[in-house]
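These notes are about the structure you will find just below.
Just so we're on the same page: letters track the sequence lines, and every chain starts at 1. All values below were derived from every heavy atom in this structure, side-chain atoms included, with hydrogens, water molecules and symmetry-related copies excluded.
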There are 2 protein chains.
Amino acid sequence: MTIIFSKKCEYGLQACLYLAANKKDEVYTSDEIAKQLKIPKEFVSKILQSLTASGLISSKKGKNGGFSLAKDPQKIKLIDIVAAIDGLDIFENCVLGFPNCSSDTPCPVHNKWGELRTKAYQMLTEETLDVFKETTLTKINNL
Amino acid sequence: MTIIFSKKCEYGLQACLYLAANKKDEVYTSDEIAKQLKIPKEFVSKILQSLTASGLISSKKGKNGGFSLAKDPQKIKLIDIVAAIDGLDIFENCVLGFPNCSSDTPCPVHNKWGELRTKAYQMLTEETLDVFKETTLTKINNL
DNA sequence: GTAAAATCAGATAATAATATCTGATTTAAT
DNA sequence: ATTAAATCAGATATTATTATCTGATTTTAC
Ligand code: FES
Ligand code: FES
């Protein structure tokens, strides 16, 4: 079951974190990223391709090719990756699945959920990828 | 896209809120519930059946039959419905999709997410269905 | 130039989630 | 008794998500 993000998005986030945690000028192949993160390689390859199309990641074709971040890790936020893959609808929709989530027509948990949703958004917005280097590395080393 | 809960769970939550907001001793057919909530009737029928099996809802078969809450709305919490349908894994898993979510092997957002997750859990745990009567009715009237 | 290693594009496959259908059974009203 | 209206069980259909495959193209190293 998905928590909040689709698998595609989760893997995309992980891959970007991986790239941010590694050497900036080097490229990493989808195979290597998949191996390190222990996620399906063809799938992550597709995701990286789409993130390349979105402009978040840049790719180098051919032998010795691979993927790297398109900008400085200090300029990329988790929300950027989410926006590119899953979109931002989750931050506007009712947690109970009712239509028209708004303070005009609130569901029973609208106020509480609204707060949490905002904080979740902040969690993805406040920091940039460079801040996560250490934690990412130790997390990956424990996979 | 799912926010947190599956459609099945969303509809189950809505249906239970509907029942809690209405007359306690009356039964409501899946058709009526579906119509009121504007959700697919066969689907909600299935969901109500499974909630009946879980013991949250009780059903009356045959003509003039239908569904009602199995206990007082004061004894049912949203979390009970979630637990019966989607389970509680979401409250234990990593929002970025990494395995082994714990403070021993935290991902970059583990601390923040942990807090939000706890608050989301509280949101579903603190109050019982009877508290939601009013809000539910006005929400449904605006569908 | 040839071979190897990579992205890339598009098709396909597999699985899960969502939704609907069919018929059986149960119950109440007439 | 008969009929109508409902749950119920199980099959089926549809759609979306996740995952894999195939081959083309690009690039580097030799
Ligand atoms: S209406 Fe439910 S969260 Fe806004
Ligand atoms: S490890 Fe990511 S939320 Fe706990």
Side-chain angles (χ1 to χ4, degrees), chain A residues 1-15 19 25-70 82 85-87 89-90 97 99, chain B residues 1-15 19 25-70 82 85-87 89-90 97 99:
Chain A
M1 196 216 322
T2 74
I3 297 197
I4 287 202
F5 305 127
S6 66
K7 279 273 168 243
K8 209 187 288 190
C9 193
E10 287 180 355
Y11 293 160
L13 287 162
Q14 292 180 21
L19 291 175
D25 342 303
E26 269 185 38
V27 298
Y28 296 85
T29 69
S30 54
D31 267 38
E32 184 176 0
I33 296 170
K35 202 164 201 175
Q36 294 288 330
L37 295 171
K38 298 185 178 150
I39 59 183
K41 61 181 177 183
E42 292 94 352
F43 198 21
V44 84
S45 163
K46 276 269 176 256
I47 295 164
L48 290 167
Q49 281 173 44
S50 92
L51 285 176
T52 301
S54 314
L56 275 173
I57 279 186
S58 71
S59 69
K60 189 184 170 202
K61 294 180 194 169
K63 192 166 182 182
N64 295 339
F67 297 94
S68 58
L69 294 178
V82 171
I85 300 178
D86 274 355
D89 286 358
I90 29 167
Chain B
M1 196 216 321
T2 75
I3 297 196
I4 287 202
F5 306 127
S6 67
K7 278 274 168 244
K8 210 187 288 191
C9 192
E10 287 180 355
Y11 294 159
L13 287 161
Q14 293 179 20
L19 291 174
D25 341 303
E26 270 185 38
V27 297
Y28 296 85
T29 68
S30 54
D31 268 36
E32 185 177 358
I33 296 170
K35 202 165 200 176
Q36 293 289 330
L37 295 171
K38 297 187 177 149
I39 59 182
K41 61 180 176 181
E42 291 94 351
F43 198 19
V44 85
S45 165
K46 275 269 175 253
I47 295 163
L48 290 168
Q49 282 173 42
S50 93
L51 285 176
T52 301
S54 314
L56 274 172
I57 279 186
S58 73
S59 69
K60 188 183 169 204
K61 295 180 195 171
K63 192 168 181 183
N64 295 338
F67 297 94
S68 60
L69 294 178
V82 171
I85 301 179
D86 274 355
D89 286 359
I90 29 166

Quiz item: Would you find a donor on one side and an acceptor on the other, under 3.5 Å apart, between the side chain of A/S45 and the backbone of A/K41?
Solution: no

Quiz prompt | N/O (side chain, B/S45) to phosphate O (OP1/OP2, D/dT7) under 4.0 Å | solution = no

Practice problem: Hey, could you give me the CG/CZ distance between B/L48 and B/F67, rounded to the nearest 0.5 Å? | Solution: 4.5 Å

Quiz item: So do B/L69 and B/L56 actually touch side chain to side chain, heavy atoms under 4.5 Å?
Solution: no

Practice problem: To the nearest Å, give me how far apart CZ (B/F67) and P (D/dA5) are. | Solution: 17 Å

Self-check item: Steps toward side-chain contact (heavy atoms from CB on, under 4.5 Å) verdict (B/E32, B/K35)
Solution: CA-CA 5 Å; B/E32 185 177 358; B/K35 202 165 200 176; 5.6 Å; no

Review item, nucleotides 25-30 of chain D N/O atoms under 3.5 Å of protein N/O:
from   : atom 1 : to    : atom 2 : distance (Å)
D/dT26 : O2     : A/G62 : N      : 3.4
D/dT27 : O2     : A/K63 : N      : 2.9
D/dT28 : O3'    : A/N64 : ND2    : 3.2

Quiz item: Do the non-hydrogen side-chain atoms of A/L37 and A/V44 ever get within less than 4.5 Å of each other?
Solution: no

Quiz item: What is the distance, rounded to the nearest whole Å, between atom CD1 of B/I47 and atom P of C/dA17?
Solution: 13 Å

Quiz item: Of the candidate nucleotides C/dT18, D/dA9, D/dT18, which contains the atom at the shortest distance from the side chain of B/Q49?
Solution: D/dA9

Quiz item: Over how many whole Å does the gap from A/E10 atom CD to D/dT18 atom P extend?
Solution: 8 Å

Exercise. To the nearest 0.5 angstrom, please state how far the CD1 atom of A/I39 sits from the CD1 atom of A/I47.
Key: 6.5 Å

Practice problem: May I ask you to say whether B/E10 pairs ionically with B/K7, meaning some side-chain N is under 4.0 Å from a carboxylate O? | Solution: yes

Exercise. Could you check how far CZ of B/F43 sits from P of C/dC21, rounded to whole Å?
Key: 14 Å

Practice problem: Flag the pair B/L19 / B/I33 as yes when at least one side-chain heavy-atom distance between them is below 4.5 Å, and no otherwise. | Solution: yes

Self-check item: B/K7 NZ to D/dT17 C1', straight-line distance once rounded to whole Å
Solution: 15 Å

Quiz item: Looking at DNA chain C, which of residues 28-42 of chain A put a heavy atom within less than 4.0 Å of it?
Solution: A/T29, A/S30

Quiz item: Considering only heavy atoms from C-beta outward, does the side chain of B/I85 approach that of B/F5 to under 4.5 Å?
Solution: no

Quiz item: So which nucleotide from D/dT7, C/dA19, D/dA9 ends up closest to the side chain of B/K46?
Solution: D/dA9

Quiz prompt | Whole-Å gap separating P (D/dT17) and CZ (A/F5) | solution = 15 Å

Quiz item: How close or far is atom P of C/dA16 from atom NZ of A/K8, stated in whole angstroms?
Solution: 17 Å

Exercise. Could you check how far CG of A/D86 sits from P of D/dA16, rounded to whole Å?
Key: 15 Å

Quiz item: Which residue, B/S59 or A/V44, contacts DNA chain D at a nucleotide closer to its 5' end, judged by nearest heavy atom?
Solution: B/S59

